[in-house]
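Written out below as structure tokens is the structure these notes cover.
Just so we're on the same page: letters track the sequence lines, and every chain starts at 1.
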Amino acid sequence: MSGDAPAPEHDPAVMMAAALSRLLRDGETVFHGVASPLPMVATLLAKRTHAPDLVYLGIAGGTDPEPRRLPDGSTVDPVLLEGSRSLLTLADLFDLSARGRLDVAFLSGVQIDGAGRINMSAIGDFARPKVRLPGGAGSAALMPTAKRVILWRTKHDPRVFVDRLDFVTAAGNVDRVVTPLCVFVRRDGRLEVESLHPGVTPGELRAATGFAVEVGPGTPRTPPPTAAELAALRAVDPGEVFRSEFR
Amino acid sequence: MSGDAPAPEHDPAVMMAAALSRLLRDGETVFHGVASPLPMVATLLAKRTHAPDLVYLGIAGGTDPEPRRLPDGSTVDPVLLEGSRSLLTLADLFDLSARGRLDVAFLSGVQIDGAGRINMSAIGDFARPKVRLPGGAGSAALMPTAKRVILWRTKHDPRVFVDRLDFVTAAGNVDRVVTPLCVFVRRDGRLEVESLHPGVTPGELRAATGFAVEVGPGTPRTPPPTAAELAALRAVDPGEVFRSEFR
Amino acid sequence: MRDKRTDLAAAVAAVADGAVVALGGNTLHRGPCAAVHELVRQGKRGLEIVKTAGAYDVDLLCATGCAAAVSAGFVGFETAYGMAPGYRRAVESGAVEAREHACATVIAGLRAAIQGVPFMPVAGLTGSDLPAARGFRAVADPYGGGEVFVVPAIVPDVAFLHVQEADRFGNGRIAGTLFEDVLMAKAAKRVVLTAERIVDGAGFAEEPAAVAIPALLVDAVVEAPGGAWPLGCAGCYEPDAAYLAAYTRAAKDPAALAAFVAERVLGQVGAQAR
Amino acid sequence: MRDKRTDLAAAVAAVADGAVVALGGNTLHRGPCAAVHELVRQGKRGLEIVKTAGAYDVDLLCATGCAAAVSAGFVGFETAYGMAPGYRRAVESGAVEAREHACATVIAGLRAAIQGVPFMPVAGLTGSDLPAARGFRAVADPYGGGEVFVVPAIVPDVAFLHVQEADRFGNGRIAGTLFEDVLMAKAAKRVVLTAERIVDGAGFAEEPAAVAIPALLVDAVVEAPGGAWPLGCAGCYEPDAAYLAAYTRAAKDPAALAAFVAERVLGQVGAQAR
């Protein structure tokens, strides 16, 4: 958001932060794990705008932390305990989801297919991988048990959004997928384009997506960030940690 | 141990405290539950005499507590946390036993049979009891998993030491049974008289025991409490809580 | 996080007849007796009480006809006051079903509920008549480790827990032994905290690890000074020996018990006095 | 309780080749790196590393040939430093087996070990290829609740845990997030605590609830200031960004990695300096 930056609606990091934030509802219990700067910022943004009673649970173990600064590089940082009045362990968080009490889990995938399933495990054969990926962390447990799963990925190309996963690390209750180009919604088990971000053409989206998508001139546009959203984003994340996944 | 008390070796409460204490070995991890004043005192006595590195775990959750006073009436009292440097929950204690790391558990039974099994559940039919008993607390879980179980009971008569239990609440690794009359040891799955307390005749023991026991003039005698044991008992339990089960 | 303060009558009114009710504390210590007294006053019926080791709380709910079943490892007043007369009579008469547990199987059932799984393996129980009497099944280890008993999930409809200190959001601090309170808070569908005092709680943020019951798990918090009485509450008061002696004496006889309850239990409710 | 202080070389010498080694901490935070460096220095081989989410610690043990298998949910350096190059190359070459877990299944396996049972049910996993790839079996609920996946017990031969403060008996206090350290301490056959500082600990008795790792569970305690470095340690130091950037750069190439390890890892051992 410096002087020579693009307009906010053409700034994919800003659009993603805003779009992710809007998916959270007031009063919901929301979790993100490791390596999740955009969900961290989106959750704090939602709490500051339309969802003040959202309960923010991070993998660091805080409940509604009010960190003095946002960690850059790790979303397990102990700064995310600041202001929290209680601590949860990671086991507590999985348990909460397992018994149906987690409203939203943010997850991601190195590959994402048209059913909203993810691969975080391997490119090629699982046992003899061409590329060994980091692993799905908690996703195989959370995706079937959290009420809603929101996927985000800062890269949108046919190697990420694939027709066929090399390995299904996790599948389950995916509700939305937010990318730099669009918001997908999952209906009847398939990802559909819910809205294109401003400036993205239907042809660009089709070319960037490895599975078939219905998109055309009538596809809704993701509303640009409001002035209130932009102000709140500056307030919760003055250091622009929400851009770190784009570096 | 007041002026007109019997000699210590003819004082069943003192004999039981001493006999229980001697069964504990230095370095062992020892647990007692609710309603267990004699095991509480015996454990503290052992720590003060021959087993200073015994680790004392009570149901209150302390580890090696050094209480300023002993609780009279409840062995779950928070005074049993005093001096402890860490806390265990009851779940932790069961887990410790379940994974084979609990050396000694003290348990008791309303009925005890010749195999060292206990009934804490019901006299008569379990579903329609003549007398509903308190229940076995943790005994069904601890008796098969603790390395050694020591039973104690302050009443020794044929209604307690029975040939046949009305209900088997728990069975397992019973090592010794200490009563006001004798010490039983379990060998090949049966209780045998290891020693008669001073002054108890073989005939008295047979008459008081509902299952068959081998006892005679050659049966060893439980050694009387030593002066050191008596002094240590006065030091750890000046209020004579160890007598509370005899009131 | 929203303000969850309410009064005891409202918190207890939400309990349906027939509910599964978990009670915090253990034997003579930190049982949620103010809540129990309110359950009695409101005349709840058909409750299933869940606790590892209960005393006055469980006994009173049996003696007053509130409880239909008790899922517990032990019900008794320990050495000082002996057997639980109300529980005993209710079970012997058939009014209450004694769903006896090893304390470890109560914990296992709560753990299954906490982890969102239908059952929980538990070590031990071999040689005991309890699995047959209670219908606890053994399952084969699919990894070749033999058989192990499993206990079905215990999902309390509500847990009543008494703590020394809470904030208005329901973050609860417990002094002394935790007992099974934390497990119950996680396993229950609804959690009601009673607290000796509700404090501002700003200091809680400096020591989040000192909170045993996170507000996230709590639905209602009630200020109830003396809320464990006549049981003890670590750091606040000891068990009321005279009251407990009088209660266990009275509870041996239904008529004496009824008079005792009318005068000393129902007479106390609302005042929450000691 | 006996005095369990020892030095790191002795505590690590007791680890057999082929041992199952649990590492505390999470990604860039409070991993027991001094112990990991000593494992590298002593040239351990064939280790199975257990952790929910590892980074430098797991990567280094893979890159240096110490590890033969990694049982973890995630191995990566988070957003700042990206993928784990040593782990990736070792798995792709077949030198290390990636025993991928959902983090929740690591926890479930540790819970089974803690509770002394052969397996632990775990919610979720449906629709995932992981159960088939890892041989996780489903069992029928004998109480009629359908099927549930179960995970076999994970019993570490040793857990290395780095804490901020310990006493000489091995009571350990952790500032900030506990991660899976407490579970590992309970599940492992042997527990080695490294601590920023070993303190007298008399004050521990005033606040026993502040001890996360009870001495009862601990076999050895080692004073190791900077013992999480180059990872962060809450309240003491942050992750060493320059070092981690240099490491992840070097680890992409075996020769560069060997030189880096010789100079910056083995050169540090013993000094335990930052």
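- The environment of CZ in D:Arg99 is crowded: more than 12 heavy-atom neighbours from other residues, nucleotides or ligands sit within 6.0 Å.
- Per-residue counts of heavy-atom pairs under 4.5 Å with chain C were compared for D:Gly124, D:Pro118, D:Ala140; the largest is that of D:Pro118.
- A distance of 6.0 Å separates CE of C:Met120 from CD of D:Gln115, quoted to the nearest 0.5 Å.
- Minimum heavy-atom separation, C:Pro121 to D:Pro121: CD-CD, 3.6 Å.
- Side chain of C:Tyr143 to main chain of D:Ala153: no donor-acceptor pair is present (N/O by atom type, distance under 3.5 Å, no hydrogens or angles).
- Heavy atoms of D:Ala212 lying under 4.5 Å from chain C are absent altogether.
- When all heavy atoms of C:Val150 and D:Pro142 are compared, the pair lying nearest together is CG2-CG, 3.6 Å.
- Between C:Val117 and D:Val148 the shortest heavy-atom distance is CG1-CG2, 4.1 Å.
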